[in-house]
Amino acid sequence: MYRKLLSFLIFLLPVSLFAQEAAPTEELSFGQRIDQSFQPVADAWESLVLYPIPIGEYNIPFILILLVVGATFFTIYFAAPGITKMPLAINTVRGKYDDMEKTYKDPESGDIVVDESKGGEVSHFQALATAVSGTVGLGNIAGVAVAIALGGPGATFWMIACGILGMSTKFVECTLGVKYRDIEDDGTVHGGPMYYLSRGLGHDLKKGRLGQFLGGLFAVLCVGASFGGGNAFQSNQAASQLSNLLGINFQTNGFWIGVGLAVLVAIVIIGGIKRIANITEKIVPFMAGVYVLASLVILGANYDYIDDAFGLIIEGAFTPMAGLGGMMGVIIVGFQRAAFSNEAGAGSAAIAHSAVKTKFPASEGVVALLEPLIDTVIVCTMTALVIIFFNIDGGLKNVESIFNYGGDGSGNVILKDGGASVGGVELTTMAYDAVIPHFSYVLTVAIILFAFSTMISWSYYGLQSWKFLFGRSKAADLTYKMLFIAFIVIGASTTLNAVVKFSDAMILALVFPNMIGLFFLFPKVKKELKRYTDAIKKM
C-alpha cells in the first residue's frame with residue numbers, strides 16, 4: 001500500500017502536466033506548467049494538514065495545538081529537561097562519558113560490552129551536527145523575518161518559548177530513535193520514527209497494525225518531504241540568491257547552478273552517513289559561527305538599543321500592537337515559525353541521531369536537547385534582534401521607523417521610503433547590510449551553505465525512509481539517490497511554488513504519526529534516562 005502511495009506521489013507531478021486546462025502550454029515555461037497544474041493539489045493538501053480548530057475568535061491549526069500540547073506535557077513530565085539536563089547534554093556531546101560506555105557492563109550477564117561495531121556509526125557531536133544542519137537554514141534567515149513582519153517583535157518571545165518546549169520533544173523522539181534502531185552486522189544503522197513506531201508500538205505495546213500503519217505513513221511522508229522542502233526548495237533559494245547577487249538571469253542560469261549543486265551533493269551522499277557527518281561537523285560550526293559573529297557585531301554596534309529591543313519583544317508578546325491579530329495571533333505566528341524552524345515533533349532529526357555510537361539511547365536524547373537551543377533560542381533570536389534593531393535604528397535616527405510591523409499580511413513589510421514590499425531573505429539582508437556593508441555577499445555564502453547542508457541531511461532522512469519501504473538493496477539505494485539529485489536540478493531551474501507548498505506541508509504532516517507514537521512510548525524514555533544517569537553515577 002505504501003509503495004503504491006509513494007509511487008503516486010512521485011509521478012503525480014509530471015502526470016499533472018497533461019491535466020493543464022489553463023493558458024496554452026506554449027505560453028508557459030516548463031516550471032510554470034508544473035506550478036499551475038499542481039496548485040490545486042498543493043492547496044488541498046495544505047488545507048488538510050493545517051486544518052483549523054476554532055478557539056474563541058481564532059482558527060488555530062490542529063497540528064500546532066498537537067505540537068504545543070505534546071511539548072508542554074513532555075516538559076512537565078520530564079521536569080523541564082531543556083534546563084535540568086543541560087549540563088548532562090554538554091558533558092555528553094563533548095565526550096566526558098565516552099570511557100564509561102567502553103567499560104559498561106551488561107546488567108544481566110555482568111560482562112563488559114566492548115563490541116563498538118554494534119554501537120552506531122558517528123559520534124555524539126557528528127550526529128548533532130547532522131541534525132542541526134537539517135534544521136538551521138533558511139527558516140532562521142527568511143522565516144524569522146516573516147514572523148517579525150506578521151507578528152511584530154512579540155513573535156520573538158513566543159518563538160523562544162516554542163524552542164524551549166521543543167527541546168523536550170526532541171529529547172523524547174531522539175531517545176526512542178536510538179532505542180528502536182536496527183543495526184546490521186557491519187555496523188550500518190537504520191533508525192528513526194518509522195522504526196520506533198513499527199517496533200515500539202508493534203512489538204513492545206502489542207499494537208502491530210497501528211505501528212505498521214504509522215511507521216509506513218511516516219516513511220512515505222518523509223520521502224516526499226525530502227524531495228521538496230528538504231531539497232528542491234533549498235536548491236531553488238540558493239540559486240535565486242546567487243543569481244540576484246551576481247546579477248545574472250535566474251531562468252537562464254538556474255539550471256547550471258543546480259547542476260553544480262547536484263554534483264557537490266552527489267559526492268557527499270554517495271559516501272553515506274559517515275561522509276555526511278564528516279562534512280556537516282565542519283560546515284555547521286563554520287556557517288553558524290560566521291552568522292552568529294555577524295549578529296554579535298551588530299548587537300555590539302547597537303548596544304544602547306538592546307534594552308529597547310527586549311522591551312518591544314516582551315511588550316509585544318503580551319500587549320501586541322494594533323493590527324497584528326491580538327495576543328493570540330502573535331502567539332500563533334511565533335509558535336508556527338518556530339515549529340517550521342526546529343522541526344521538533346516532526347521526528348526527522350531522530351533519523352540522524354539514531355546513527356550515534358552509544359549503548360545508552362538517553363545519551364543521544366539529552367544531546368538532542370541542544371538542537372532547538374541552537375536553532376531557535378540562539379540563531380533565530382539573533383536574527384530577530386538584528387531586524388528589530390534595524391527598525392529601531394531608523395526610528396531613533398530618522399524620526400520615523402523604516403517600516404510598520406504587520407506589513408501586508410503575507411509576510412512582507414512595506415518600506416516607508418518608497419513603499420517597496422520586502423520580506424524574508426531580502427529584509428534580513430537589508431538589516432545586516434545597514435551595519436555591515438556588503439554583508440549580503442557573506443549572507444549569500446551562508447544561504448548556499450545552509451541549503452547544501454540541509455540537502456545532504458535530508459537526503460539521509462529520505463533514504464532511510466525509502467529503504468524502510470523498498471528494502472535495503474543497492475538498487476533501492478541508487479534509485480533514491482538519483483531521484484534526489486534530479487530534484488536538486490529541478491528545484492534550481494524552475495519556480496515550483498505549489499510543489500514546495502505541498503512538500504512543506506508534508507514536513508508538518510510528519511507530526512501526526514510521530515506525535516501519536518510519542519504519546520504511547522514516552523514511559524520507555526523515562527526508563528532509558530534512569531539507566532543512563534545510574535550508569536554515570538557508578539563511574
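Side chains included, hydrogens not; waters and symmetry mates left out as well; all remaining heavy atoms used.
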Student check: side-chain heavy atoms of Leu88 and Asn91 closer than 4.5 Å: no
Output field: ring centroids Phe62/Tyr51 closer than 6.0 Å: no
Residue pair Ser348 / Phe218: nearest heavy atoms and the distance that separates them: N-CZ, 4.3 Å
For Phe468, the option from Tyr480, Tyr461, Tyr196, Tyr195 that meets ring pair (Phe, Tyr, Trp, His ring centres under 6.0 Å): Tyr195
Minimum heavy-atom distance Ser235-Ala232, with the two atoms named: OG-O, 3.1 Å
Test item: Thr175 and Lys524 side chains (from C-beta on) under 4.5 Å apart, heavy atoms: no
Donor-acceptor contact below 3.5 Å, side chain Trp458 vs main chain Ala225: no
Flag, side chain of Arg199 to backbone of Arg181, donor-acceptor distance under 3.5 Å: yes
Validation row: Phe171, Met167 side chains within 4.5 angstrom (heavy atoms): no
Inter-residue atom distance Met86.CE - Ile90.CD1, 0.5 Å rounding: 6.0 Å
Minimal non-hydrogen separation, Met455 against Phe484, with atom names: O-CZ, 3.1 Å
Whether Asp182 side chain and His190 backbone form a donor-acceptor pair below 3.5 Å: no
Distance-minimising heavy-atom pair for Ala344 and Leu67: O-CD2, 3.3 Å
Exam field: side chain Ser354 to backbone Gly177, donor-acceptor pair closer than 3.5 Å: yes
Donor-acceptor pair, side chain of Thr156 and main chain of Pro153, under 3.5 angstrom: yes
Any side-chain heavy-atom pair of Leu529 and Lys85 under 4.5 Å: yes
Phe157/Phe310 aromatic ring centres below 6.0 Å: no
Test side-chain contact (heavy atoms from CB on, under 4.5 Å) applied to Phe78 and Thr84, step by step: CA-CA 9 Å; Phe78 290 101; Thr84 59; over 6 Å; no
Stepwise side-chain contact (heavy atoms from CB on, under 4.5 Å) test for Thr169 and Met515: CA-CA 9 Å; Thr169 306; Met515 288 300 289; 4.2 Å; yes
Pairwise side-chain contact, Thr383 with Tyr291, heavy-atom cut-off 4.5 Å (strictly under): yes
Donor-acceptor under 3.5 Å (Asn514 side chain, Pro193 main chain): no
Side chain Trp466, main chain Val223, donor-acceptor under 3.5 Å: no
Donor-acceptor under 3.5 Å (Thr533 side chain, Lys530 main chain): yes
N/O donor-acceptor pair under 3.5 Å between Asp375 side chain and Glu371 backbone: no
Minimal non-hydrogen separation, Leu165 against Ala71, with atom names: O-CB, 3.6 Å
Between Tyr532 and Phe360, ring centroids under 6.0 Å: yes
Derivation and outcome, side-chain contact (heavy atoms from CB on, under 4.5 Å), residues Thr428 and Val144: CA-CA 9 Å; Thr428 306; Val144 174; over 6 Å; no
Rounded distance [0.5 Å steps], CD1 in Ile536 versus OG1 in Thr92: 5.5 Å
Separation of Met194 CE from Ile351 CD1 (nearest 0.5 Å): 4.0 Å
Phe74 vs Val525 side-chain heavy atoms within contact, under 4.5 Å: no
Atom pair CG (Leu369) and NZ (Lys170), whose distance is rounded to the nearest 0.5 Å: 11.0 Å
Heavy-atom closest contact (Val366 atom, Ser363 atom, distance): CG2-O, 3.0 Å
Criterion side-chain contact (heavy atoms from CB on, under 4.5 Å) on Leu510 and Cys222, from CA distance to verdict: CA-CA 7 Å; Leu510 296 174; Cys222 190; 4.0 Å; yes
Check: Phe73 ring centroid to Phe522 ring centroid under 6.0 Å: yes
Straight-line distance of Ile388 CD1 to Asp308 CG, nearest 0.5 Å: 11.0 Å
Within-4.5 Å side-chain heavy-atom neighbours: Val442 and Tyr432: no
Side-chain touch Leu521/Tyr180, heavy atoms, less than 4.5 angstrom: yes
Spatial distance of atom CZ (Phe520) from atom CG (Leu214) [nearest 0.5 Å]: 8.5 Å
Heavy-atom donor-acceptor pair, Ser295 side chain to Met382 backbone, under 3.5 Å: no
